[in-house]
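Written below as structure tokens is the structure these notes are about.
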Amino acid sequence: DAGVTQSPTHLIKTRGQQVTLRCSPKSGHDTVSWYQQALGQGPQFIFQYYEEEERQRGNFPDRFSGHQFPNYSSELNVNALLLGDSALYLCASSPSGGSSYGYTFGSGTRLTVV
Amino acid sequence: AQKVTQAQTEISVVEKEDVTLDCVYETRDTTYYLFWYKQPPSGELVFLIRRNSFDEQNEISGRYSWNFQKSTSSFNFTITASQVVDSAVYFCALLGGSNYKLTFGKGTLLTVNP
């Protein structure tokens, strides 16, 4: 049973560029959340997608946007990259209505902005 | 607002020692859920335990045990007879009743030396 898969695993981008990160949820899960984890910090919630809509958003600027597809996979897009966007981006999935059971996390995409 | 505090930034022990990781939380929700995750160097967050606010029973799973005390808003995690493989960053997290986002602490880096 495949868990949460994320791609790519590593990425290097230049300031001002745009990036797209991808996530496939665990089988049976239909809700996808994205988190940003800066070095030495805990993950910070970016947003959650359910039924192809953004259900809740954290304290992140509009440069961060997302999408969920009918097969429940999701993309995270970041525009106008800043050096401060360098972080590990984690995707987490959960079954619908089952957020209280916690989330299954992927291994993340490590984004470096130079 | 929800907040999770892990006051211990780093802990270093020798193999076979017992170690306790502290977690203090703040929330106004009467229904909430607490979690512990382990993050090895690979980056993936590995689920360890979930506890809801109505269940204050302590739990033991092998060498792991958890002590939940609502009176002090604490949810501490103890590893008995630590092993080198326990070396990782451990995160405590909170999910508020009507919220979809996990609020994480900053994590505790545990190093178990042989």
Side-chain angles (χ1 to χ4, degrees), chain A residues 2-11 21 23 26 29-51 53-60 68 87-111, chain B residues 1-10 21-27 29-55 59 66 75 88-110:
Chain A
V4 177
T5 57
Q6 294 186 241
S7 63
T9 53
H10 295 83
L11 204 51
L21 310 181
C23 172
K26 180 179 179 178
H29 288 184
D30 59 6
T31 303
V32 174
S33 304
W34 287 91
Y35 289 79
Q36 180 196 65
Q37 185 179 13
L39 199 62
Q41 301 295 315
Q44 298 291 314
F45 176 76
I46 303 175
F47 41 54
Q48 183 179 93
Y49 276 83
Y50 173 65
E51 292 188 339
E53 291 194 358
E54 183 183 290
R55 178 155 72 172
Q56 186 176 358
R57 187 179 184 90
N59 189 24
F60 278 81
Q68 185 178 36
L88 178 67
Y89 289 85
L90 293 163
C91 173
S93 71
S94 61
S96 56
S99 297
S100 63
Y101 288 89
Y103 298 86
T104 301
F105 283 83
S107 296
T109 294
R110 187 162 298 281
L111 172 65
Chain B
Q2 301 183 336
K3 185 177 179 182
V4 174
T5 302
Q6 294 180 256
Q8 304 151 310
T9 306
E10 294 187 36
L21 309 181
D22 297 333
C23 173
V24 174
Y25 63 92
E26 295 176 29
T27 180
D29 292 305
T30 54
T31 302
Y32 53 89
Y33 302 86
L34 295 162
F35 303 85
W36 276 95
Y37 283 89
K38 174 181 180 180
Q39 188 175 44
S42 62
E44 180 178 354
L45 285 169
V46 178
F47 169 81
L48 296 177
I49 190 171
R50 160 188 173 270
R51 175 65 70 226
N52 74 54
S53 52
F54 298 108
D55 181 4
E59 180 158 339
W66 291 268
F75 186 43
V89 181
Y90 290 86
F91 290 98
C92 180
L94 169 67
L95 182 68
S98 58
N99 227 329
Y100 296 109
K101 74 170 192 177
L102 278 169
T103 298
F104 286 84
K106 292 188 175 182
T108 298
L109 172 62
L110 174 64

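Numbers restart at 1 for each chain; the letters A, B, ... are given by sequence-line order, proteins then strands.
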query: Is it true that atom NZ of K38(B) has more than 12 heavy atoms of other residues, nucleotides or ligands lying nearer than 6.0 Å?
result: yes
- prompt: Of the backbone (N, CA, C, O) and the side chain (C-beta and beyond), which part of Q39(B) lies under 4.5 Å from a heavy atom of chain A, both, or neither?
  reply: side chain
message: Looking at Q44(A), I want to see if its CD is surrounded by more than 12 non-hydrogen atoms of other residues, nucleotides or ligands under 6.0 Å.
response: no
task: Measure the spacing between CG of L102(B) and OH of Y35(A) and express it to the nearest 0.5 Å.
output: 4.0 Å
task: Select one option (side chain, backbone, both, neither) describing which atoms of Q6(A) are under 4.5 Å from chain B's heavy atoms.
output: neither
message: How long is the straight-line distance from CG of L95(B) back to OH of Y103(A), given to the nearest 0.5 Å?
response: 5.5 Å
- prompt: Roughly how far apart are K101(B) NZ and I46(A) CD1, rounded to 0.5 Å?
  reply: 12.0 Å
- line: Cut-off 4.5 Å, heavy atoms of chain B, and the answer for Q56(A) is side chain
task: Indicate yes or no: at least one non-hydrogen side-chain atom of Y37(B) is less than 4.5 angstrom from one of P43(A).
output: no
